[in-house]
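So the structure is just underneath, and the comments pick up after that.
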Amino acid sequence: MRWLIELLQRMIIGIEIGITCYVWIGVSCYSSVKLTLPIAADISLMGAVIGGATFIFRIPRINYYFAFLMHYLIVLIVNWIALSPIYKMYGISYRFNLQNILFITVIYFIIWLVIRFMQINDVQRVNRRLKQRQKKDH
């Protein structure tokens, strides 16, 4: 049951990141952003799948860098599948080409860096608390 709660948490974080990226990219690349219910549903589903796929990092037998590569490939595949219908809603023909792959890659690495810095900050905070607790015990 605990794994299900963790999976749902990861999916919700994926949805949050997906919607945020959609809005920020839309604001920076287009004059107006439409967040209709079908687009929000597609982006949410895409974010949930990508967020759920972070569960691959919890598998102890998989090397971190291999898990990173697998997750990145999942992100590319999900984007390839999900972005075409979203662009069609705007009347834009979407081609999954090198430029789009580079764009997705840049966004992926920015998100990865933010999450990585948050993880490092969490570890440092826990270590500080442990040191404080050790000082109180002595």
Side-chain angles (χ1 to χ4, degrees):
M1 183 68 166
R2 183 168 167 78
W3 68 269
L4 182 59
I5 292 170
E6 185 178 345
L7 178 63
L8 289 173
Q9 288 173 335
R10 289 171 181 267
M11 292 172 80
I12 290 169
I13 291 169
I15 292 169
E16 292 170 347
I17 291 172
I19 294 290
T20 303
C21 286
Y22 175 79
V23 171
W24 278 104
I25 292 166
V27 167
S28 63
C29 296
Y30 304 102
S31 60
S32 65
V33 176
K34 296 178 189 175
L35 189 59
T36 63
L37 186 58
I39 291 173
D42 284 347
I43 296 292
S44 296
L45 181 61
M46 186 171 83
V49 170
I50 292 170
T54 62
F55 221 84
I56 197 167
F57 291 101
R58 301 278 290 146
I59 301 172
R61 292 185 177 147
I62 296 180
N63 177 304
Y64 176 80
Y65 296 107
F66 181 71
F68 182 81
L69 175 65
M70 293 301 298
H71 186 261
Y72 172 72
L73 292 174
I74 291 168
V75 167
L76 287 178
I77 292 167
V78 168
N79 275 279
W80 176 57
I81 292 169
L83 288 180
S84 183
I86 293 170
Y87 275 85
K88 280 184 183 178
M89 289 182 199
Y90 284 115
I92 301 170
S93 175
Y94 179 75
R95 293 190 192 129
F96 198 68
N97 56 24
L98 183 60
Q99 180 181 355
N100 291 334
I101 292 172
L102 289 174
F103 188 65
I104 292 166
T105 301
V106 168
I107 293 168
Y108 184 84
F109 282 110
I110 290 170
I111 293 169
W112 178 81
L113 283 172
V114 169
I115 291 173
R116 191 71 181 140
F117 283 125
M118 290 171 55
Q119 289 172 337
I120 290 168
N121 187 32
D122 288 345
V123 168
Q124 289 174 345
R125 188 176 66 240
V126 167
N127 284 339
R128 280 194 304 272
R129 287 184 183 167
L130 285 172
K131 286 180 184 179
Q132 289 173 351
R133 188 174 284 173
Q134 286 175 346
K135 287 180 183 179
K136 286 181 183 179
D137 290 341
H138 285 17

Let me confirm one number: the [atom1]-[atom2] distance from [X] to [Y], rounded to the nearest 0.5 Å.
X    : Y    : atom1 : atom2 : result
D42  : I81  : CG    : CD1   : 12.0 Å
E16  : C21  : CD    : SG    : 11.5 Å
M118 : L113 : CE    : CG    : 13.0 Å
Q9   : F55  : CD    : CZ    : 10.0 Å
I62  : L69  : CD1   : CG    : 11.0 Å
R58  : L7   : CZ    : CG    : 11.5 Å

Minimal non-hydrogen separation, [X] against [Y], with atom names:
X   : Y   : result
I15 : A48 : CG1-N, 3.7 Å
I74 : A53 : CG2-CB, 3.8 Å
I43 : Y22 : CD1-CD1, 3.8 Å
A40 : I19 : O-CD1, 4.1 Å

Next on the checklist: Tell me every residue that passes side-chain contact (heavy atoms from CB on, under 4.5 Å) with I115, counting only those two or more places apart in sequence or in another chain.
Outcome noted: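 Result, side-chain contact (heavy atoms from CB on, under 4.5 Å) vs I115: I17, I111, Q119.
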Checklist entry - Does I50 offer a backbone N or O that forms a donor-acceptor pair with the side chain of H71 under 3.5 Å? => result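 Yes, H71 side chain to I50 backbone: donor-acceptor pair under 3.5 Å.
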[X]-[Y] co-clustered via ILVMFWY side chain contacts under 4.5 Å:
X    : Y   : answer
V114 : F57 : no
M11  : M1  : yes
I56  : Y65 : yes
F103 : W24 : no
L45  : L37 : no

Next on the checklist: Would F109 and F68 count as a ring pair (Phe, Tyr, Trp, His ring centres under 6.0 Å) here? Give the steps.
Outcome noted: CA-CA 11 Å; F109 282 110; F68 182 81; 5.7 Å; yes
Item to check | side chain to side chain contact (heavy atoms under 4.5 Å, CB included) partner of V75, chosen from I77, L73, N79 | outcome: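 That would be N79.
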Sub-4.5 Å side-chain heavy-atom contact between [X] and [Y]:
X    : Y    : result
N97  : N100 : yes
Y72  : T105 : yes
Q132 : K135 : no
N121 : F117 : no

Checklist entry - What do you reckon, is CZ of R125 surrounded by more than 12 foreign heavy atoms closer than 6.0 Å? => result yes
Checklist entry - With the threshold set at 4.0 Å, does a side-chain nitrogen-carboxylate oxygen contact exist between E6 and R10? => result yes
Checklist outcome for this item: Sorted by chain and number, sequence neighbours left out, side chain to side chain donor-acceptor pair (under 3.5 Å) with W112 holds for Y64
